[in-house]
Amino acid sequence: MADYMKSSSKGRLMHIKKALHKAFREDHAMLGGALHALRTALADGDLCAAREIAARVDREAGAHIAFEEKDFYPALKAILPREEVAGMYRDHHEGYGVVRELLDLDPGDAVSQARRKSLIERVEHMEAHVAECAELFGALRRMSDDDNQSLLSRLRQWRENAPSWSEVKHQKQ
């Protein structure tokens with residue numbers, strides 16, 4: 001009976017780790033695709049499309065951003081250098097700056113070539129952040145089973161609440 005309980009417990013914990021890893025992959029695939037579309041729209045000079053994509057990123061990325069900033073990054077502080085984790089927060093801040101800048105444009109606004117180039121470079125930086133986040137999946141293996149279970153529960157709560165990125169940024173820190 002004890003062997004069955006150990007096997008059952010290990011199976012449940014493996015399921016939790018796989019579910020958390022899958023959720024990360026889904027979120028980063030969505031965000032990576034949206035950022036690619038955003039960069040393409042900006043490169044094409046289609047500010048209307050860029051603004052619509054920024055609105056979608058604001059709406060759809062909020063739960064994942066909240067999870068990372070309020071749950072995952074604090075947990076990473078125990079296993080990664082403090083400056084590396086601080087850089088992740090800065091990347092989010094810069095990324096939100098791009099989204100906000102695009103959302104604040106009026107539909108008829110003209111944007112200079114230099115400003116558009118700056119926006120593209122900042123989106124590319126966000127894309128690099130998303131790609132680097134894939135490396136953080138390995139950090140999940142270094143966390144305890146209880147931490148993984150707690151993180152999965154928190155991610156599910158954030159997804160259920162579904163805040164926008166703007167709402168996350170305006171919550172009290």
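No donor-acceptor contact under 3.5 angstrom links the side chains of His125 and Glu121, judged on distance only.
Considering only residues two or more places apart in sequence or on other chains, Glu160 meets the side chain to side chain donor-acceptor pair (under 3.5 Å) condition with none of them. Considering only residues two or more places apart in sequence or on other chains, Arg39 meets the salt bridge (charged side-chain N to carboxylate O under 4.0 Å, His left out) condition with Glu127. Take Arg25 and apply the salt bridge (charged side-chain N to carboxylate O under 4.0 Å, His left out) test, not counting sequence neighbours, and it matches no residue. For Asn148, the side chain to side chain contact (heavy atoms under 4.5 Å, CB included) criterion is met by Ile16, Lys17, Leu20, Leu140, Met143, not counting sequence neighbours. With sequence neighbours excluded, the residues satisfying salt bridge (charged side-chain N to carboxylate O under 4.0 Å, His left out) with Arg100 are Asp104. Applying the side chain to side chain contact (heavy atoms under 4.5 Å, CB included) criterion to Ser153, with sequence neighbours excluded, gives Gln157. The salt bridge (charged side-chain N to carboxylate O under 4.0 Å, His left out) test applied to Arg59 returns no partner, not counting sequence neighbours. Under the rule for a side chain to side chain contact (heavy atoms under 4.5 Å, CB included), the partners of Glu26 that lie at least two apart in sequence or sit in another chain are Lys22, Arg159. Remark: Arg115 engages Glu101 in a side chain to side chain donor-acceptor pair (under 3.5 Å) (not counting sequence neighbours). A search for side chain to side chain contact (heavy atoms under 4.5 Å, CB included) contacts involving Glu83 returns Ala86, Arg90, not counting sequence neighbours. In terms of the side chain to side chain donor-acceptor pair (under 3.5 Å) criterion, residue partners of Asp71 (sequence neighbours excluded) are, by chain and number, Arg154, Trp158.
Under the ring-ring contact (aromatic ring centres under 6.0 Å, His included) criterion, no residue pair touches residues 35-54, with sequence neighbours excluded.
Remark: side-chain polar atoms of Tyr73 are not paired, donor with acceptor, to backbone N or O of Tyr89 under 3.5 angstrom. Side chain of Arg116 to main chain of Leu42: a donor-acceptor pair is present (N/O by atom type, distance under 3.5 Å, no hydrogens or angles). A donor-acceptor pair under 3.5 Å is absent between the side-chain atoms of Asp106 and the main chain of Asp109, judged by distance alone. Remark: the backbone N or O of Ile79 is paired with a side-chain donor or acceptor of Arg142 at under 3.5 angstrom.
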